[in-house]
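Below is one structure, written out as structure tokens, with a few remarks after it.
On a predicted model such as this, the values are computed, not experimentally measured, just so you know.
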Amino acid sequence: EKTPRLVFPANGFSIAPLDGKAGAGSFTALMMFLPVTDGFGPNVNVMIQPYPGTLQTYADLSRQQFAAAKMTLVSEQLADGMLTLEYTGTLQNNAMHFYSRAFSADSKVYLATATAREAQWETSGAKLKSCVDSLRKE
């Protein structure tokens, strides 16, 4: 059987995924970056987090964490087993924009998050959101 590959057509390469099984703790399974502009590389990361609760309780917890970090929730949707969150806030004196999508399986949450500076969101946001929106359970 041929190993599936991650294909990056804009840059003319592909690579086999480095697929490690998530253990008991949080695990960053994948990080992808767009080219750096203004000192920051807009990116998408996929984390696997132990979480025995429902996506609704995960959304409630996320809202509490956003409030504690003085983040602003732009939108929230829970539909078809997927939680989608968009939020903004300041990190290290930079105005940032985030977009996340998550599903729950096997007492874990699989979370894809896009991160960019607010000033980059106009040019990078659509590509970042498209990537995050492609997350699915296999």
Side-chain angles (χ1 to χ4, degrees):
E1 173 183 326
K2 189 174 179 191
T3 301
R5 301 182 66 79
L6 299 171
V7 180
F8 296 83
N11 287 293
F13 78 96
S14 68
I15 190 168
L18 184 61
D19 194 13
K21 182 79 170 142
S26 289
F27 168 58
T28 301
L30 179 67
M31 293 187 79
M32 298 180 286
F33 291 85
L34 291 175
V36 172
T37 59
D38 194 28
F40 186 82
N43 64 80
V44 171
N45 72 66
V46 179
M47 289 195 67
I48 303 169
Q49 303 170 325
Y51 190 77
T54 65
L55 272 182
Q56 183 59 61
T57 60
Y58 188 83
D60 296 343
L61 176 64
S62 296
R63 261 186 266 104
Q64 292 170 8
Q65 291 172 334
F66 296 159
K70 298 186 177 7
M71 300 276 179
T72 301
L73 184 63
V74 175
S75 66
E76 175 182 340
Q77 181 181 4
L78 179 55
D80 302 320
M82 283 285 189
L83 171 66
T84 306
L85 300 167
E86 187 168 357
Y87 51 104
T88 59
T90 302
L91 281 181
Q92 300 170 337
N93 297 317
N94 289 300
M96 304 297 287
H97 200 117
F98 307 90
Y99 181 81
S100 298
R101 190 166 165 99
F103 68 85
S104 180
D106 305 320
S107 296
K108 293 179 175 63
V109 167
Y110 296 74
L111 175 69
T113 303
T115 305
R117 286 191 172 167
E118 189 63 61
Q120 296 168 316
W121 196 254
E122 186 176 331
T123 55
S124 300
K127 185 175 270 194
L128 293 169
K129 284 175 82 167
S130 176
C131 179
V132 169
D133 284 342
S134 72
L135 178 71
R136 68 179 185 221
K137 183 179 188 308
E138 292 294 337

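Between F66 and L85, some side-chain heavy-atom pair lies under the 4.5 Å cut-off. At least one side-chain heavy atom of E118 sits under 4.5 Å from a side-chain heavy atom of T88. Using a 4.5 Å heavy-atom threshold, the side chains of Y58 and L83 count as touching.
Judged by distance alone, the side chain of T90 and the main-chain N or O of N93 form no donor-acceptor pair under 3.5 Å.
With rounding to the nearest 0.5 Å, the separation of OG1 in T115 from CZ in F40 is 6.0 Å. Note that the NZ atom of K21 and the CG atom of D19 stand 9.0 Å from one another [nearest 0.5 Å]. With values rounded to the nearest 0.5 angstrom, K129 atom NZ is found 14.0 Å from S134 atom OG. Considering OG of S107 and OH of Y51, their distance stands at 11.0 Å, rounded to 0.5 Å. Y110 OH to F103 CZ: the interatomic distance, rounded to the nearest 0.5 Å, is 6.0 Å. How far CZ of F33 is from CG of N43: 4.5 Å, rounded to the nearest 0.5 Å.
Listed here is the closest heavy atom pair of A116 and P42: CB-CB, 4.0 Å. For the pair A22 and I48, the tightest heavy-atom approach, listed with the atom from each and the gap, is CB-CG2, 3.8 Å. Closest of all the heavy-atom pairs between V132 and A112 is CG1-O, 3.6 Å. The two atoms that bring M32 and C131 nearest to each other are CE-SG, 3.5 Å, heavy atoms only. The heavy-atom pair separating L55 from A102 by the smallest distance is CD1-O, 3.9 Å. Residues P4 and P17 share a closest heavy-atom pair of O-CD, 3.1 Å.
There is a side-chain donor-acceptor pair under 3.5 Å between E86 and H97. For the residue pair D60 and Q64, no side-chain donor N or O sits within less than 3.5 Å of a side-chain acceptor on the partner. A donor and an acceptor atom, one from each side chain of Q120 and T37, are located under 3.5 Å apart.
L30 and F27 are assigned to two separate hydrophobic clusters, defined by single-linkage of ILVMFWY side chains at heavy-atom distances under 4.5 Å. Hydrophobic clustering (ILVMFWY, side-chain heavy atoms < 4.5 Å, transitive): L111 and V44 are in distinct clusters. Clustering ILVMFWY residues whenever any of their side-chain heavy atoms sit less than 4.5 angstrom apart, transitively, puts M31 in a cluster other than the one holding V36. Linking Ile, Leu, Val, Met, Phe, Trp and Tyr residues whenever their side-chain heavy atoms come within less than 4.5 Å places L73 and M96 in a single cluster. Under the 4.5 Å side-chain heavy-atom criterion for ILVMFWY residues, a single connected hydrophobic cluster contains both L61 and Y87.
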key: Full working for side chain to side chain contact (heavy atoms under 4.5 Å, CB included) between Y99 and V74   = CA-CA 9 Å; Y99 181 81; V74 175; over 6 Å; no

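Using a 4.5 Å cut-off between side-chain heavy atoms of Ile, Leu, Val, Met, Phe, Trp and Tyr, V7 forms no hydrophobic cluster with any other residue.
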